[in-house]
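Only heavy atoms go into these numbers, but all of them, side chains included; no hydrogens, no water, no symmetry mates. In what follows, chains are A, B, ... by sequence order, proteins preceding strands, each numbered from 1.
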2 protein chains.
Amino acid sequence: MIDRTCPANRKTDVSDQSRRPYGNRPTMKDVAARAGVGLKTVSRVVNGEPGVTPDTERRVRESITALGFRRNDSARILRKGRTSSIGLVLEDLADPFYAPLSRAVEEVARAHETLLINGSSAEDPEREEELVLALCARRVDGLVIIPASDDHRYLEPEMAAGIATVFVDRPAGQIDADAVLSDNYGGARAAVAHLVAHGHRRIGFIGDQARIHTAAERLRGYRDAMAEAGLAVHPSWTAMGSTDPGRVGAALGAMRGGPEPVTALFAGNNRVTVTVVRRAAADGRPFALIGFDDFELADLLSPGITVIAQDPAALGRTAAQTLFRRLAGQHEVPKRVELTTRLIPRGSGELPPE
Amino acid sequence: MIDRTCPANRKTDVSDQSRRPYGNRPTMKDVAARAGVGLKTVSRVVNGEPGVTPDTERRVRESITALGFRRNDSARILRKGRTSSIGLVLEDLADPFYAPLSRAVEEVARAHETLLINGSSAEDPEREEELVLALCARRVDGLVIIPASDDHRYLEPEMAAGIATVFVDRPAGQIDADAVLSDNYGGARAAVAHLVAHGHRRIGFIGDQARIHTAAERLRGYRDAMAEAGLAVHPSWTAMGSTDPGRVGAALGAMRGGPEPVTALFAGNNRVTVTVVRRAAADGRPFALIGFDDFELADLLSPGITVIAQDPAALGRTAAQTLFRRLAGQHEVPKRVELTTRLIPRGSGELPPE
DNA sequence: CTGAAAGCGCTTACAG
DNA sequence: CTGAAAGCGCTTACAG
């Protein structure tokens, strides 16, 4: 016998479509009708609220199972005003540096029963803004952002309206907001000082685009460490720009082949480092190298690659924890947290000058 | 002068909180009141619908800007019945194999103006189910799943209710559903045949847990290739289990130190391969090795690591495209797509027996 | 060209 | 212990 109270068994016609946008799924009203109780009673059972007799509860549960009811959280969200979701906007989900960061944010979100909506900005400020505002329109409870833009004034109304926001890896531009960063400056200084201590005087730096905060900080650390060692920096020794292998390869060639050839290189991030290693392997002329960011298998190359390691999972975890503290009602002034970096010597950074 | 029509300027009291769950954000009603027009007219302007005079539109836009209105998509979603979001459930966002897959899914979703909700199952069937059902409660339009579970009957009511679902990397268990897979069997066979062609007779296989589809298929490929070469497989030559380095290291030690020591190894996935490479480097006894899955820097190790490469981005892209085709109304029977793998010789797989 | 009414599927506030 | 009414902020269907 067909149960006509079950919407799945109703005859569907086109006009019905608009009335039931969720593909004929049963609602609490359907469950209530079948169980012969009020809507609110179903709500109580579904949400585990007290004040329902065991017998009533049993009838409601039977009805839920029979109809295959699952609460529509879209409706719940609309009424409650909290979506229990947060947005994470980063440059590229697939980047080995951001992937563990993302996973760490997810774990913290999960502990707070919150879903994670992920988006890649592809290092494009417009795409970042578009994504962030789409997330705001969805009324995510909060945002964790690795910014591509350097102007976040577009976010001010959203933040004022209550969307908690924490920036990671790079600070916000033009607005005051929480930020969790690595000590890029200190890490870069330590790298260069290490090369100097191993006898190098002509040290090059190939970094990411100078408009990116981390790249600028690492360049600053490089310059300061050189100055502290009493070493002048030849203009040909620094090259900021995209991490495209062609660009990096050309910069390396110029530094090593010029009139003042460098004997050591400080690579500004993991992608630069990998390109440099690949190039050096092709050349067969090993030279001293320290890379910013650790990467898998760095220890298995020969020589092993000395790196300045960040802790991407800790960055993500700290950012997410800061976010949930804000969501729990902490209203202090925005603060900047800086995580330390660690030099891991593996051989390439300890080579003497040729 | 303070504009009392702007909700942000209203005096807030506790009772007001419950009436305005979205932190006093202006709604279309507020915009309409300030502009002196009807609610529907605001809706028309916000959604770019025709039939509004330029003058009216101007007044509405002024009102939107003045109040800082942004449409609440939670409400829109509830009414429309499509959330324009899809869920992606995988083992671990941070895994170098899944990260590009995830990014590819995101790109396809973006092209369809759809947001991506990401979740890691941590290879735990219960956690997978919990996550997937939470996404269903949010009424995502579709799901892309790399399953940890081998029984997906829990998804049947959701799929029947219209949530499109595509499985990637591994097929669904106990239900009929679209799946996009790699040719694990063929890839494994090719790897073993390659080792045989280079003179090996005693070849080991260290794989992931046998209950995982990809691991089982690769084992089957290994066995068939050995049989085709007329080689019997000694029981100590296969070891299925977790990818924990301790387990893999022990398995390797047993295979190489036993009474029938292997001269070559086929490693069942990227994590096994990395552990084996690390172990081999520590031993200083190189041996022939082919790994399933390519990985960054595999070409820079010495010898370079010969691999069976999959295309994780293509897996993700194909799965997402299949999903959106279903969402567009394609109603054929579920189908299984298998992507080919590619053997990339780099040296380690071409070493002769010791 | 414009808008009032009804409704998406829940929760809230309240009454019995 | 139980439920009817109102409302979250939009869109739909319809009337003027």
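- At most 12 non-hydrogen atoms from other residues, nucleotides or ligands lie less than 6.0 angstrom from CD of B/Glu126.
- Salt bridge present: A/Arg59 and A/Asp55 bring a charged side-chain N and a carboxylate O closer than 4.0 Å.
- Look at CD1 on A/Ile77: it is 11 Å from P on C/dT11, rounded to the nearest Å.
- Here the P atom of nucleotide D/dT11 and the CG atom of B/Asn72 are 10 Å apart, to the nearest Å.
- Ring geometry for B/Phe324 against B/His112 counts as parallel: the plane angle stays under 30°, on a 0 to 90° scale with 60° as the upper cut.
- Put simply, the side chain of A/Asp178 gets close to the backbone of A/Lys335: a donor and an acceptor are under 3.5 Å apart.
- Nucleic acid contact for B/Arg44: base, since at least one base atom lies under 4.0 Å from a heavy atom of the residue.
- Between A/Thr27 and C/dC8 there is no side-chain N or O to OP1 or OP2 distance below 4.0 Å.
- Computed from coordinates, the B/Arg71 CZ to D/dC8 P distance equals 19 Å when rounded to whole Å.
- Rounded to an integer number of Å, the gap from A/Lys29 NZ to D/dA5 P is 13 Å.
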Determine, stepwise, if the pair B/Glu128 / B/His152 fulfils side chain to side chain donor-acceptor pair (under 3.5 Å).
CA-CA 10 Å; B/Glu128 171 200 299; B/His152 295 95; 3.0 Å; yes
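- Taking the side chain of B/Met28 as heavy atoms from C-beta on, and the options D/dT11, C/dT2, C/dT11, the nearest nucleotide is D/dT11.
- We find that CG of A/Leu39 is positioned 9 Å from P of C/dT11, with the value rounded to whole Å.
- Between the C1' atom of D/dA6 and the CZ atom of A/Arg79 lies a distance of 8 Å, rounded to the nearest Å.
- When the nucleotides D/dT2, C/dG3, D/dT11 are ranked by their closest atom to the side chain of B/Lys40, C/dG3 comes out on top.
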Pairs under 3.5 Å (Watson-Crick or G-U), crossing ones as [ ], inter-strand ones as |: DNA chain D comes out as |||.||||||||.|||
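- No engagement by A/Asp73 is indicated, since no non-hydrogen atom pair under 4.0 Å with the nucleic acid exists.
- Under a cut-off of 6.0 angstrom, the local environment of CD in B/Gln330 is crowded, with over 12 non-hydrogen atoms contributed by other residues, nucleotides or ligands.
- Note: CG (B/Asp30) to C1' (D/dC8) measures 13 Å, nearest angstrom.
- Checked by atom type and distance alone, the side chain of B/Arg326 pairs as donor or acceptor with a backbone atom of B/Glu332 at under 3.5 Å.
- Residue B/Asn47 places at least one side-chain N or O under 4.0 Å from the OP1 or OP2 atom of D/dT11.
- Listed pair B/Lys80 / D/dC10 fails the phosphate criterion, with no side-chain N or O lying under 4.0 Å from OP1 or OP2.
- Atom CG of B/Leu78 and atom P of D/dC10 are 12 Å apart (whole Å).
- By the 4.0 Å N-to-carboxylate-O rule, B/Glu123 lies close enough to B/Arg170 to be salt-bridged with it.
- Residue A/Ser74 has no polar side-chain atom (N or O) positioned under 4.0 Å from OP1 or OP2 of C/dG9.
- The side chain of A/Thr41 has D/dT2 as its nearest neighbour among C/dC10, C/dT2, D/dT2.
- The phosphate of C/dT11 (OP1 or OP2) has a side-chain N or O of A/Ser43 nearer than 4.0 angstrom.
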